[in-house]
Amino acid sequence: LISTAGIVATYNYLILSSMIFSAYTAFLLCWYCSRNWVGSLFGGYFFGFSTYILSQSLAHVCFTVIFLLPLLSLVSVMFYQRKIKKLSFIVCYVFLLTAQFYINPESAVIFLIFTSVGILLGSFTFERPSLLRWVRPWLLACVVTLLLIAPLLYNFFHYQSLHVLI
């Protein structure tokens with residue numbers, strides 16, 4: 001694409017497509033949870049064209065590629081509601097989280113921190129057996145993801161930077 005359209009057009013294409021994909025995946029999550037088309041449209045718009053993405057679009061393409069985060073939440077909600085099986089949840093979660101780590105490690109770590117805080121807060125309000133039914137496969141998926149991103153972590157701790165990979 002760079003050789004055909006040029007570097008500026010390619011950058012603009014990547015930024016715009018990442019915003020659209022982010023808005024679409026957030027729309028899918030909102031639609032699954034609410035079944036309200038207008039509310040889901042607004043939710044997708046506010047996520048995909050948020051101030052975070054618009055501000056990061058000025059200089060950092062990798063920070064705008066966060067369309068996998070709503071899919072991680074969608075897979076989690078579907079597993080919690082018993083719409084998908086445990087193995088499907090683990091495979092999908094590992095694939096999505098590993099891809100997000102290789103695209104943008106910072107957003108993946110922040111997502112995991114907030115998921116952990118949500119689990120901690122949920123342990124006080126939800127029924128513990130239903131939450132534990134979700135937490136065990138989630139922890140397994142996180143461990144498998146940790147094994148798959150081991151080269152990334154090695155380079156980070158060895159070189160004290162992730163920019164060596166790029």
Side-chain angles (χ1 to χ4, degrees), residues 1-81 83-84 89 91-122 134 138 141-142 145-146 148-157 159-166:
L1 192 60
I2 291 175
S3 62
T4 308
I7 198 161
V8 174
T10 303
Y11 182 81
N12 290 337
Y13 173 77
L14 289 174
I15 292 293
L16 187 60
S17 63
S18 71
M19 289 179 186
I20 292 170
F21 282 137
S22 297
Y24 179 68
T25 57
F27 169 81
L28 290 176
L29 175 63
C30 293
W31 172 254
Y32 183 81
C33 292
S34 71
R35 297 290 185 215
N36 182 350
W37 193 84
V38 175
S40 300
L41 195 64
F42 278 111
Y45 173 76
F46 288 135
F47 182 81
F49 299 96
S50 66
T51 54
Y52 168 78
I53 291 183
L54 291 176
S55 65
Q56 294 298 333
S57 68
L58 298 175
H60 306 287
V61 176
C62 65
F63 289 149
T64 62
V65 183
I66 57 172
F67 65 89
L68 297 175
L69 300 180
L71 292 178
L72 283 164
S73 298
L74 179 63
V75 168
S76 298
V77 169
M78 290 175 74
F79 179 66
Y80 186 78
Q81 294 176 344
K83 303 285 184 185
I84 59 174
F89 167 73
V91 169
C92 290
Y93 204 89
V94 165
F95 174 76
L96 293 169
L97 190 59
T98 303
Q100 187 63 45
F101 259 107
Y102 276 101
I103 293 169
N104 183 3
E106 181 180 308
S107 66
V109 168
I110 291 171
F111 179 82
L112 285 177
I113 289 170
F114 278 102
T115 303
S116 302
V117 169
I119 290 169
L120 183 66
L121 293 175
W134 180 84
W138 177 76
C142 288
T145 301
L146 186 65
L148 291 175
I149 64 166
L152 185 73
L153 294 175
Y154 171 78
N155 281 328
F156 175 73
F157 289 115
Y159 297 110
Q160 297 297 316
S161 175
L162 292 175
H163 299 290
V164 175
L165 293 174
I166 297 173

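Side chains are part of it too, since the values below use all heavy atoms of this structure and drop only hydrogens, waters and symmetry mates. The structure presented is a predicted model; accordingly, all values stated were derived computationally and were not measured.
- Evaluation of the side chain to side chain contact (heavy atoms under 4.5 Å, CB included) rule for Asn36 yields Ser34, Val38 as partners, not counting sequence neighbours.
- Atom CZ of Phe111 and atom OG1 of Thr115 lie 4.0 Å apart (nearest 0.5 Å).
- Residues passing the ring pair (Phe, Tyr, Trp, His ring centres under 6.0 Å) test with Tyr45, sequence neighbours excluded: Phe49.
- To the nearest 0.5 Å, atoms CG (Leu152) and CZ (Phe157) are separated by 10.0 Å.
- In this structure, the separation between CH2 on Trp37 and CZ on Phe42 is 9.5 Å, given to the nearest 0.5 Å.
- Under the rule for a ring pair (Phe, Tyr, Trp, His ring centres under 6.0 Å), Phe101 has no partner lying at least two apart in sequence or in another chain.
- In terms of heavy-atom proximity, Ala26 sits nearest to Gly44 at CB-CA, 3.8 Å.
- Relative orientation of the Phe89 and Trp134 rings is tilted, given thresholds of 30° and 60° on the angle between their planes.
- In this structure, SG on Cys30 lies 12.0 Å from CZ on Arg35, to the nearest 0.5 angstrom.
- Environment of OH in Tyr11: crowded, with over 12 heavy atoms of neighbouring residues, nucleotides or ligands closer than 6.0 Å.
- Partners of Tyr52 under the ring pair (Phe, Tyr, Trp, His ring centres under 6.0 Å) rule, at least two apart in sequence or in another chain, do not exist in this structure.
- Here the side chains of Leu112 and Leu97 are in contact, with some heavy-atom distance below 4.5 Å.
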Which side-chain N or O atoms in residues 57-76 pair as donor and acceptor under 3.5 Å with protein atoms at least two apart or in another chain?
unit_1 : atom_1 : unit_2 : atom_2 : d
Ser57  : OG     : Leu54  : O      : 2.6
Thr64  : OG1    : Ser18  : OG     : 3.1
Thr64  : OG1    : Val61  : O      : 2.6
Ser73  : OG     : Leu69  : O      : 3.4
Ser76  : OG     : Leu72  : O      : 2.9

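- Residue pairs meeting the side-chain hydrogen bond (donor to acceptor under 3.5 Å, both in side chains) criterion with at least one partner in residues 92-101, sequence neighbours excluded, are Tyr93-Trp138, Gln100-Ser107.
- In this structure, the separation between CE on Met19 and CG on Leu14 is 11.5 Å, given to the nearest 0.5 Å.
- Residues Tyr32 and Leu28 fail the side-chain proximity criterion, which asks for heavy atoms closer than 4.5 Å.
- Ile20 is listed as a side-chain neighbour of Leu16, based on a closest heavy-atom distance under 4.5 Å.
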